[in-house]
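Since the structure comes first, as structure tokens, the remarks are kept for the end.
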Amino acid sequence: MIPLTEALLAAITASVPAPTLPVAVEATPVAEMSVYADAVYTGAGETIENAMVVIADGKITAITPGAEPGDEDLHVAAITPGMVDLSARIYPDGYSVEETEEVTPWIRVDLSLDPFSRDWDRQLRNGVTSVVASPYDNNCIGGLSVALKTGGSNSIEARTIKSNVALRGAIGSQPSSKNHPAFGRPTDFYSRRPTTRMGVEWTWRKAMYDALQAEGDKERAFDGLPQLLQALNGDLPVFVQAWATQDIRTAVFLKEEMAGEGKPNMQLIIDAGAEAWREIDFLVRTGTAVVLPPYRASGRTTDGAFFAADCAAKLDEAGVPVALSSHNAKAGGETLGQQAAHARRGGLSFDSALAAVTINPARMVGIDDRVGSIEVGKDADLALWNGTPFELTSRVVGVVLDGELVNDPRK
Amino acid sequence: MKNQKLGTLARTAVATCLAATALTAATNAMPFSDGNIVIKAGQVITLDGEPIENGTIVIENGRITAVGKDIKYPWNAEVKEYPNSVAFPGFVEALTNSGMDRANENIDVAAFLNVKDSIDPVSFYFEDSLRSGVTTLNVQQGGSCVVGGMGYIVKPVGMTVEEMTVQPNSGIAMSAAPKSGKSRATQTLALRQTFDDLRRYLEGVVQEKRDGVDLATREALYQGREADEETSKGRPMGGNGWKVSNLEMIPRWEIDEKKAPLLGIVEGKTAVFFYCSTPGDVQTAIRTAKDNGFLNRTVLCLSSGCWKAADLIKQHNIPVILSSVLTHVERDPVTGEEKETFVPAVFQDKGVRFALRSAGTSGKSLWYQAALCVGHGMTREQALAAVTTTAAEITGLSNRVGSLAPGKDGNVVIFSGDPLSVMSNVEQVVVEGNHVYDRSTDVRMRHLETGAQPENTSAEMETGTPHKHDEPEEKDDKEPDEGENEEEKDDDHEGHEDEEN
């Protein structure tokens, strides 16, 4: 709808002769704005009370303490950095996956994302300004994730912060969940491997060893080899969904196994690591980062994994980099800010909760040079709150994205 | 003690028995006293005037006898001191369909049934309610009915329904939303017919009596009913709806026991909890209630989309119980844009009295719902009223629960801090003067928090059936009523399908 209307409008405007008033053509003014808050949580280690965040050309240019807002100024209770969700789970084509093979490291999700999906706006209005979109997890190794903004331009390309930020895959029951063997029934899309959890693990290991053997051997080259090698060499984080203990262990042991094969630099990020609290020692030992799934009151999650309420707190205390995610909270569902509230209830400190939805996830995928904290020179992505952040009694009422007030709290 | 007992149980029986054991544990560890207790807290939020710093609550025989600062109490009283905590009235769950064998009956008109016979005292639901500080629950049949059974107001403490009872026969559930598989037209017709049938029946009985054909008496005897002083007399039809003349000719015990509860509705003796899942249903409910004279006894139980009927509801001054889904999401049929409406704020602005429902138990109980209301701009007083005082009013219990005031039931929740803060916990619960919950001995809570296994129990509790991927997974939080909404489902029937899948 929207692009059509815009195109029409553009066509109409173009066809109307421009008024011939003698207006002096000025240089495009620098888009400047400032937002006042009782407290600015910069996410860079400090909280500044009664401050003003000054923005020009989409970047933060100053954070001024002790500023007095006028009546007309935009003034809120609190400002945090625009939040970052690594597991937003916004997929192209709904919940589908490239089914031609179960290992498709070369597939790029960013080429098929829909910029007009409602999922973006749902994240944006709840203060999430950057997300990582990944291929759906019905493949073992699904492809390349992209980090992008949740709004702004109508083009995915323009919203992209960084392409190919991670190699996405899954360990656990999901990649094999729909598959079945090719015998005994009519052949269809799902007549493929792997059909068990063991098969999933085998597929991962095979892909890794194939890559090791093919390194420097042109005869053995195959599709996806460059991405697998990048991952093995630590140039491309491996972003693996693993809910349950055994799957987290599989991922961590695979990393250690590769270290034994001369590839010690592989970076591992566990996604949806509900049971990571059981494996803290392994995670610390391997320097693995963890993205946690949304809070469940009952603790029960996918693959029978028990998500203890203090999981984030335990990981944080042990020094495991931890991020929270909302899994693309349904409209009316729990937002990323509320996930931070639940994590605090579970014992995570305020500062760590803030980091877990801002700078930690940004660092994990290497976009912290642009987003994740309120610092001069960074993108002007701000979440504006009507009270203390990460309490259920407050929420995001306004959003600044790339210096533009996309959600005005005064309305 | 509980754990030793448990250790001897067969492994397979552990899951089933845990609920029962935990409840007995709570009561065994802290045996029922005589309902006498004195509670001192750093702050007492009474919801009946200003909060009291360093206040004292005196409870005698289960009832509050005094609340204040520096008040006197019997020298031999059991005194509980919580100097760093906040005392708060027990929350009131204005409507629930949980804690029962099943929420819905197959019979369309089942006014003669009573949820009392269906309530399961050892249901995990009650244990979990207590853990969240809910001390009063109005258990009603679910919305998949035309006229449902009689509801019951209970406390989440006790091993029998009798022990749990706060107020028997709290009202009858009715539904303007169609039973599953039926259409709205059928539902509306069924509602009308129910009362037409009643009227015809009553007229028939009167006519028979006049004709000297005493079938009603014979039927009553056949059913084994017996008259008492009250029912042996006939009396004219009450209420302010339609009337059947000469009903005083019929001794009340002779009225068919399947029809008598309906007569109770028409005569205005019984409250009606009327489920509505669309704004149109509100119209149907109001019309039905008006036509049959029970509008002033009606409480509407609304799905979130019903906020659109707020003006109509205000016009008739009917109190409402809101769905657990506080934000109504609507997709513009043309642009596809999503519009979110925070439902409680709409009713607050219109001046309609409303109560909230839990969206699950331990995680998203009434404190959670009230906190969300504050986040959406309501005052703390307004938000707290919807889970305490107003909820008590709507369920007809304002003289007993909802605030801490002399004369009311001794239901007190001790919070570690501000009841609406995500950082506060329910530490202790006192119900009718008995100390029934202590967080420090709550093994289930410890498990949810840290994953720690209670000693001598099976770890099987935590590994249920694996959930499907990427679907909302809090199946345990559901309210098992079909006519009403669940947390996961978009609750209105306006045909919003998820774009995924």
Side-chain angles (χ1 to χ4, degrees), chain A residues 1-2 89 91 94-95 116-119 121-122 125 136-138 170 172-174 177 241 244 275 277-278 293-311 314 327-328 330-334 338 341-342 344-347 386-388 390-395 397, chain B residues 128 304 325-329 331 334-338 340 359-365 367-368 370-377 380 383 418 420-425 447-452 459 461-470 472-477 487-488 490 498-501:
Chain A
M1 276 321 273
I2 297 162
R89 310 209 161 195
Y91 300 110
Y95 287 43
F116 299 105
S117 163
R118 286 179 294 140
D119 297 347
D121 186 51
R122 199 177 289 158
R125 68 177 174 243
Y136 190 51
D137 291 317
N138 272 13
S173 68
Q174 194 176 349
S177 59
Q241 170 178 275
E275 246 165 7
W277 58 274
R278 291 196 203 271
Y295 164 81
R296 300 266 187 273
S298 65
R300 289 194 296 271
T301 64
T302 304
D303 279 351
F306 183 79
F307 187 22
D310 69 350
C311 186
K314 270 184 188 149
H327 289 195
N328 184 24
K330 265 185 65 147
E334 287 198 294
Q338 285 169 334
H342 288 302
R344 287 184 67 211
R345 190 173 175 82
N386 65 354
T388 311
F390 317 136
E391 276 283 358
L392 297 168
T393 48
S394 61
R395 67 191 175 102
V397 289
Chain B
D128 219 25
S304 58
V325 180
L326 300 186
T327 303
H328 178 244
V329 185
R331 190 176 171 185
V334 176
T335 65
E337 304 254 311
E338 261 173 11
E340 292 189 348
T361 41
S362 44
K364 299 173 188 174
S365 189
W367 69 270
Y368 175 95
L372 292 188
C373 288
V374 174
H376 282 83
R380 295 175 59 88
D418 173 6
L420 295 185
S421 169
V422 78
M423 303 304 287
S424 300
N425 290 306
H447 179 65
L448 284 171
E449 279 175 344
T450 66
M461 291 296 294
E462 74 190 45
T463 49
T465 322
H467 292 283
K468 279 200 271 172
H469 296 278
D470 263 303
E473 278 151 4
E474 294 188 8
K475 293 288 188 305
D476 54 309
D477 284 347
E487 189 179 8
E488 319 308 339
D490 203 350
D498 224 274
E499 78 280 20
E500 286 97 8
N501 288 322

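Just so we're on the same page: letters track the sequence lines, and every chain starts at 1. Keep in mind that the numbers below use all heavy atoms, side chains included, and drop hydrogens, waters and symmetry copies. Just so you know, these numbers come straight off a predicted model, no measurement behind them.
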Closest non-hydrogen atom pair, B/Tyr368 against A/His342: CE1-CE1, 3.9 Å
Point-to-point distance, once rounded to the nearest 0.5 Å, from CD of B/Glu449 to SG of A/Cys311: 13.5 Å
Taken to the nearest 0.5 Å, the spacing of B/Leu448 CG from A/Arg296 CZ works out to 14.0 Å
Nearest 0.5 Å, please: how far is CD in A/Glu334 from CG in B/Leu372? 8.0 Å
Which heavy atom of A/Leu392 sits nearest to which heavy atom of B/Trp367, and what is that distance? CD1-CZ3, 3.5 Å
How close do B/Arg331 and A/Arg118 get, counting heavy atoms only, and between which atoms? NH1-NH2, 3.4 Å
For B/Gly451 versus A/Ala308, what's the shortest heavy-atom pair and its separation? N-CB, 3.7 Å
Going through the distances and angles, do B/Val422 and A/Gln338 end up as a side chain to side chain contact (heavy atoms under 4.5 Å, CB included)? CA-CA 10 Å; B/Val422 78; A/Gln338 285 169 334; over 6 Å; no
Can you sort out the partners of A/Arg345 under salt bridge (Lys or Arg N to Asp or Glu O under 4.0 Å), two or more places apart, ordered by chain and number? none
State whether the side chain of A/Asn386 and the backbone N or O of B/Gly375 hold a donor-acceptor pair below 3.5 Å, judged by distance alone. yes
